[in-house]
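Take a look at the structure below.
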Amino acid sequence: MANVTGGTQAKTQVVAPQQTITTDTATGRTTIEDGVVAKIAGIAAREVSGVYALGGGAARMVGAIRDALNTSDLTQGISVEVGETQVAVDVTIVAAYPVSLQKVADDVRAAIHRAMVELVGMDVAEVNVTVNDVHIPSEDDTAAAPEARVL
């Protein structure tokens, strides 16, 4: 992006794809990577009652493979934009049936907001929640083994 004004040299602004939060104090500097902010948001969202999973269909499929390999992605379904003093979070959830979708979305929003303020130390511009699916428990989810047909 070039900015040319009245005979001055053109200035080019390069934005790194992965921003960080940096705090300078009298005794040093603290830097928090975007991935850490996303991970904290993901953990906060997963702790909300009524959230079955995070992410869309393809992300959940990849997540199931990662879970089988014990390498869970805690940022699945989370997107963050970090500014100098504020953070914006987009989260995609799968709600457990039968819960109030508005209540779950409000609870997720509140949990992420609290985590961003308390743990990251940033103001929250917005938390957008998308309910992508509703998980309906089936008999396969609750039954450990099929019943015997005969005694």
Side-chain angles (χ1 to χ4, degrees), residues 1-3 11-147:
M1 167 190 285
N3 181 12
K11 294 181 182 178
T12 304
Q13 179 182 8
V14 178
V15 178
Q18 187 81 5
Q19 293 186 3
T20 59
I21 301 168
T22 304
T23 306
D24 290 319
T25 64
T27 59
R29 171 181 286 185
T30 302
T31 303
I32 303 172
E33 299 285 336
D34 280 6
V36 174
V37 176
K39 189 177 283 190
I40 290 171
I43 292 169
R46 280 179 175 80
E47 291 177 349
V48 173
S49 177
V51 173
Y52 179 76
L54 296 182
R60 288 196 322 267
M61 191 179 327
V62 172
I65 295 169
R66 285 185 174 157
D67 287 343
L69 300 173
N70 289 328
T71 58
S72 296
D73 180 13
L74 298 176
T75 63
Q76 174 181 311
I78 303 289
S79 174
V80 298
E81 291 181 40
V82 180
E84 290 184 26
T85 60
Q86 292 184 323
V87 62
V89 181
D90 295 325
V91 58
T92 302
I93 68 168
V94 176
Y97 181 84
V99 297
S100 165
L101 299 180
Q102 291 298 328
K103 181 176 180 345
V104 171
D106 288 344
D107 291 349
V108 166
R109 195 173 289 109
I112 291 174
H113 186 278
R114 187 173 38 256
M116 293 298 106
V117 171
E118 293 176 4
L119 300 177
V120 179
M122 294 192 77
D123 293 327
V124 179
E126 63 183 4
V127 178
N128 299 311
V129 179
T130 301
V131 181
N132 188 334
D133 198 0
V134 175
H135 176 262
I136 301 172
S138 66
E139 291 179 14
D140 295 336
D141 291 344
T142 58
E147 287 186 33

Fill in: With Gln86 via side-chain contact (heavy atoms from CB on, under 4.5 Å) - residues at least two apart
Asp123, Ala125
Worksheet item: Do the side chain of Arg114 and the main chain of Ala44 share a donor and acceptor less than 3.5 angstrom apart?
Response: no
Discussion item. Looking at Glu126 and Ala88, would you say the former's side chain and the latter's main chain have a donor-acceptor pair under 3.5 Å?
Written reply: no
How close do [X] and [Y] get, counting heavy atoms only, and between which atoms?
X     : Y     : value
Ala45 : Val51 : O-CG2, 3.6 Å
Arg46 : Leu74 : NH1-O, 3.0 Å
Tyr52 : Ala95 : CB-C, 4.2 Å
Gln76 : Leu54 : NE2-O, 2.6 Å

Discussion item. So for atom CD, which belongs to Glu81, do other residues, nucleotides or ligands contribute more than 12 heavy atoms lying within a distance under 6.0 Å?
Written reply: no
Worksheet item: Can you check whether Met122 reaches Ile32 side chain to side chain, under 4.5 Å on heavy atoms?
Response: no
Worksheet item: Would a 4.5 Å heavy-atom cut-off, applied to side chains only, mark Val117 and Val124 as touching?
Response: yes
Residues 104-113, side-chain donor-acceptor partners within the protein, below 3.5 Å, at least two apart:
residue: Asp106; atom: OD1; partner: Arg109; partner atom: NH1; Å: 2.9
residue: Asp107; atom: OD2; partner: Lys103; partner atom: NZ; Å: 2.8
residue: Arg109; atom: NE; partner: Val127; partner atom: O; Å: 3.0

Worksheet item: Say you draw a straight line from OG1 of Thr75 to CG of Asp34; how long is it, rounded to the nearest 0.5 Å?
Response: 11.0 Å
Worksheet item: To the nearest 0.5 Å, what is the distance between OG1 (Thr92) and CD1 (Ile78)?
Response: 8.0 Å
